[in-house]
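Read the structure below first, then the notes.
We use all heavy atoms of the structure for the numbers below, so side chains are in, but hydrogens, waters and symmetry mates are not. Quantities reported herein were computed from a predicted structural model and do not represent experimental measurements. In what follows, chains carry the letters A, B, and so on, assigned in the order in which the sequence lines appear, proteins first and then strands, with residues in each chain numbered from 1.
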Amino acid sequence: MEEKKFKRTLVTAALPYANGPVHIGHLAGVYVPADIYTRYLRLKGEDVLFVGGSDEHGVPITIKAKKEGVTPQDIVDRYHHIIKESMKGLGISFDVYSRTTSEMHKRTASDFFKKLYEKGEFIEKTGQQLYDEQARQFLADRYVTGTCPHCGFDHAYGDQCESCGTSLNATDLIGPKSAITGNVPVLKETKHWYMPLDKWEPALRKWILEEHKEWRPNVYGQCKSWLDDHLQPRAVTRDLDWGIPVPIDGVEGKVLYVWFDAPIGYISNTKELLPDGWEKYWKEKDSRIVHFIGKDNIVFHCLIFPAMLMADGSYQLPENVPSNEFLNLEGDKISTSRNWAIWANEYLEDFPGKQDVLRYVLTANAPETKDNDFTWKDFQQRNNSELVAIYGNFINRALVLTNKYFDGVIPEAHDLTDYDKQTLEEFKGVKGILEDNIEHFHFREAQKDAMNLARIGNKYLADTEPWKLAKTDMARVETIMNIALQICANLSIAFEPFLPFSSEKLRGMLNMEKIEWEKLGHIDILKAGNKVEKPVLLFEKIEDDVIDAQLLRLERIKQENIINNFTPRAIATPSTIDDFGKLDIRVGTVLECSKVKKADKLLQFKVDDGLGGRTIVSGIAKFYEPEDLVGKQVCFIANFPPRNFKGIESQGMILSAEDADGRLIVIGPTGPVKPGVQVK
RNA sequence: GGCGGGAUAGCUCAGUUGGUUAGAGCGUCGGAUUCAUAACCCGGAGGUCUCGAGUUCAAUUCUCGAUCCCGCUACCA
């Protein structure tokens, strides 16, 4: 495919949600790759902007605030600050890092909505929603809890059940309760605006499926999957008070839905940086927009936000949306709520001066094509056997030798031998390969290419053996050391996008003032006669005890999680023996048990109830082999109305205990009883 | 169950528009060396390219099916 020429590039990185600090998953997935890409373009002298900011609206923030007894603003102030500092600490070189509670953003998002509203791009729909009469407000999403209609979990939220993972509407919940007052809400009519995504489906289809076949397979495939399933209108407003007020006259108590508000943050942040110059980055045809995101955000950045931009009509669509998969930690999913993460701010405290080590490991191990695993042992090994042994060691050798033989003065290069030329030829080739990899978002490979320069350097010294020649042929040693130092200078350029702190440190030792990407591959970067400094170690070995301490910390968190998981839930509202008596609970013997076809979780039972038997369907297929249950006695509720599952009529409900890890264990009598007896 | 992504050396990954002995780094084993952070350099071992079938003169690569992992989705009284 022919390369397009762009005059400027706008790089965005997914807006971190301001309800917690950032962790290595965010860094590996989004911020480090985006930073590498941006630094590379800057180094090439291209016109590039790198924008980001905290995403500070949405219900989880208000809930968290409520829990802590502070305002939502307090929460976002706290985390915005921590996140911003972490980014800075790790050298994520945003040109602007703002937030969606900024005045600029409020105005921008509001205007964006207004324009689409006035163009008639929204559909109005009136529907019933849960309303808390005491708090006098509608209960969106997580403001309402109740029993999940699917799995029976009794602390499901209005938008999702965290037990079974199903997406819900608040009105689906059984026995809904307001999270604000605990009252039972009532249904009340409310009006909302919807974005008709279906209208943009043909345009999106053409744009992605025909014009962007080069996108990563995961991104392209995911988009295709959504488009083939057809897009539905999506609400752009919510009944909440935390967010950007819907800018329509006479509308009160409604805000823009966070998914609509957040991506506009990219625009408002650009505006904040360049109040007069922002538009050309977003609107001119020779601008390239690149969104760095995680795979959970593909639908928003590839379908929904572009649809919004199309509806506006004046914006460019992204040129690429490099999306990474997920990073695991020591074999388990990273989880904010379970504290299973390495937090950026904590890393910076525990490993001062080692920002580049984390950057290096996260890039070397980036989940570019599939989920990947971060382990502390790998972290240590990559530091010790790659950064220290290959890169740091080469720099140290070159500088030690220069100081030893030439008192730190860079010697002249004389006639080059064939071997010298061969070495130089090899390292000149690195530039093109490296560029190609970065431009195609293959940062893992690109970083290897940079490391290859250090390998070439080590081999050069090993093969030419200047420490031996120093006794016989000092002129030759001068040439060798000149070349070795030029390779050092090249390394500081090649690694600048990846390891900016070390590159700077290295430039300090070489007394290099500035660097340009185009100099990569040249051997005249350092002038003979200039001095280099005495070497300090570019990287230091990480000993076992440091790694053991981190592993211990994770082990402790695991233990704590197990303990926390066992905290029994609060006792439910008072009940009576009469309520219990309404349930007809009986014991039955399992006669047959099999998996339900086309369902992952369902088992179909034939249970001897002493009355000729009955069929019961239960969602425990993940925890039992069907044959293991045959002959077992189980408790079931016998007087529920029948219900259909995948075409099978279930005549009752088998009772299970839910263990701390979510496993379901079927309940039965401790000794054999006659099928059909009652449980009292 | 549907859809999407993945499965290549002990580990992390490249790669193949189908074509002689499938690559790299780390690890491992052996050798050499001492300028260097017990580092570097050289060499060896290590792969039925997840499995099965098909197309083909030829399949790790294309097609179909199966298995396993991740995600979305459905079911989950």
Please write out each protein N/O paired with an N/O of nucleotides 14-18 of chain B under 3.5 Å, distance rounded to 0.1 Å.
unit_1, atom_1, unit_2, atom_2, d
B:rA14, OP1, A:Thr369, OG1, 3.1
B:rA14, OP1, A:Arg444, NH2, 2.3

Report, one pair per line, the protein and nucleotides 30-33 of chain B atoms (nitrogen or oxygen only) whose separation is under 3.5 Å.
none

I'd like a list of close polar pairs between nucleotides 64-69 of chain B and the protein, N/O only, cut-off under 3.5 Å.
none

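Residue-level contact check: A:Val596 touches neither bases nor backbone, having no heavy atom under 4.0 Å from any strand. As judged by a 4.0 angstrom heavy-atom cut-off over every strand, A:Arg216 is placed among residues making no nucleic acid contact.
Across the C1' atoms, B:rA32 and B:rG43 are found 10 Å apart, a figure rounded to whole Å. On the P atoms, B:rG30 is 31 Å away from B:rU21, given to the nearest whole Å. Nucleotides B:rG23 and B:rG31 place their P atoms 26 Å apart, quoted to the nearest Å. Using P as the reference atom, B:rC35 and B:rG25 are 26 Å apart when rounded to the nearest Å. The same atom, C1', is picked in B:rG27 and in B:rA9; the two are 11 Å apart, to the nearest Å. Taking the C1' atom of each, B:rU60 and B:rG52 are spaced 15 Å apart, rounded to whole Å. The gap from the C1' atom of B:rU61 to that of B:rU16 amounts to 5 Å, rounded to the nearest Å. As rounded to the nearest Å, B:rC51 and B:rA59 have P atoms that lie 15 Å from one another.
For B:rC68, the paired nucleotide is B:rG6, the pair qualifying as Watson-Crick or G-U wobble because both relevant distances are below 3.5 Å. In this structure B:rG25 sits in a base pair with B:rC11, meeting the Watson-Crick or G-U test at under 3.5 Å. The pairing partner recorded for B:rU60 is none, the criterion being a Watson-Crick or G-U wobble arrangement whose two distances lie under 3.5 angstrom. Pair assignment for B:rU55: none, as no Watson-Crick or G-U wobble contacts are both less than 3.5 Å. B:rU33 is unpaired under the Watson-Crick or G-U wobble criterion, no partner having all donor-acceptor distances under 3.5 Å. When both pairing distances are held under 3.5 Å, B:rG1 makes a Watson-Crick or G-U pair with B:rU73.
At least one donor-acceptor pair closer than 3.5 Å links the side chain of A:Thr402 to the backbone N or O of A:Ala398.
The side chain of A:Lys646 lies closest to B:rC75 when the candidates are B:rC26, B:rC75, B:rG71. For A:Lys295, the listed nucleotide lying nearest its side chain is B:rG71; candidates were B:rG71, B:rC76, B:rU12. Closest to the side chain of A:Lys601, from the set B:rC75, B:rA7, B:rU12, is B:rC75.
Within the structure, every pair that satisfies the side chain to side chain donor-acceptor pair (under 3.5 Å) test and touches residues 379-389 of chain A, not counting sequence neighbours, is listed here: A:Tyr360-A:Glu386, A:Asp378-A:Arg382, A:Gln380-A:Asp544, A:Arg382-A:Glu386. Within the structure, every pair that satisfies the salt bridge (Lys or Arg N to Asp or Glu O under 4.0 Å) test and touches residues 321-332 of chain A, not counting sequence neighbours, is listed here: A:Lys295-A:Glu325, A:Asp332-A:Lys558. Within the structure, salt bridge (Lys or Arg N to Asp or Glu O under 4.0 Å) contacts touching residues 395-407 of chain A (residues at least two apart or in different chains) do not occur.
Results of the side chain to side chain donor-acceptor pair (under 3.5 Å) test with A:Arg216 over A:Asn324, A:Thr369, A:Asn320 single out A:Asn324 as the only residue that passes.
Along RNA chain B, the nucleotide nearest A:Asn218 and the nucleotide nearest A:Gly619 are compared for position; the residue whose nucleotide lies closer to the 5' end is A:Asn218. The 5' end of RNA chain B is approached more closely, in terms of each residue's nearest nucleotide, by A:Pro217 than by the other of A:Pro217 and A:Tyr405.
The ring-ring contact (aromatic ring centres under 6.0 Å, His included) test applied to A:Trp226 returns no partner, not counting sequence neighbours. Taking A:Phe623 as the reference, nothing meets the ring-ring contact (aromatic ring centres under 6.0 Å, His included) condition, with sequence neighbours excluded. Applying the ring-ring contact (aromatic ring centres under 6.0 Å, His included) rule to A:Tyr220 yields no partners; only residues at least two apart in sequence or on another chain are considered. The ring-ring contact (aromatic ring centres under 6.0 Å, His included) check on A:Phe636 picks up nothing, with sequence neighbours excluded.
Atom-to-atom, CG of A:Leu461 to P of B:rC35 comes out at 12 Å; the value is rounded to the nearest Å. Between the C1' atom of B:rC75 and the CD1 atom of A:Ile620 lies a distance of 14 Å, rounded to the nearest Å. Remark: C1' of B:rG71 and CD of A:Glu325 are 7 Å apart, rounded to the nearest angstrom. In this structure, the NZ atom of A:Lys370 is 10 Å from the P atom of B:rC11, given to the nearest Å. The CD1 atom of A:Ile654 sits 15 Å away from the P atom of B:rC76 (whole-angstrom rounding). Counting to the nearest Å, the C1' atom of B:rC72 and the CG atom of A:Leu227 are 14 Å from each other. Atom CG in A:Asn324 sits roughly 14 Å away from atom P in B:rG6 (whole-Å rounding). The CG atom of A:Asn452 sits 17 Å away from the P atom of B:rG23 (whole-angstrom rounding).
The aromatic rings of A:Phe292 and A:Phe443 are tilted relative to each other, their planes meeting at an angle between 30° and 60°. Note: A:Phe379 and A:Phe374 have tilted aromatic rings, judged against thresholds of 30 and 60 degrees for the angle between ring planes. Note on ring orientation: taking the six-membered ring where Trp is involved, the planes of A:Phe441 and A:Tyr37 are tilted (angle from 30° to 60°). Taking the six-membered ring where tryptophan is involved, the planes of A:His26 and A:His23 are essentially parallel, since the angle between them stays under 30° and well short of 60°. In this structure, A:Tyr391 and A:Phe539 have tilted ring planes: the angle between them lies in the 30° to 60° band. Classification of the A:His301-A:His291 ring pair by plane angle, with boundaries at 30° and 60°, yields perpendicular.
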Summary of protein contacts for nucleotides 36-47 of chain B, nucleotide by nucleotide, where a base hit scores B, a sugar-phosphate-only hit scores S (4.0 Å, heavy atoms):
BB-SSSS-----

Under 3.5 Å, sequence neighbours excluded: what are the donor-acceptor pairs made by side chains of residues 467-474 of chain A?
unit_1, atom_1, unit_2, atom_2, d
A:Lys468, NZ, A:Glu465, OE2, 3.2
A:Thr472, OG1, A:Leu469, O, 3.4
A:Asp473, OD1, A:Arg476, N, 3.2

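At a cut-off of 3.5 Å, with distance as the only test, no side-chain donor of A:Asn218 or A:Gln222 sits close to an acceptor on the other residue.
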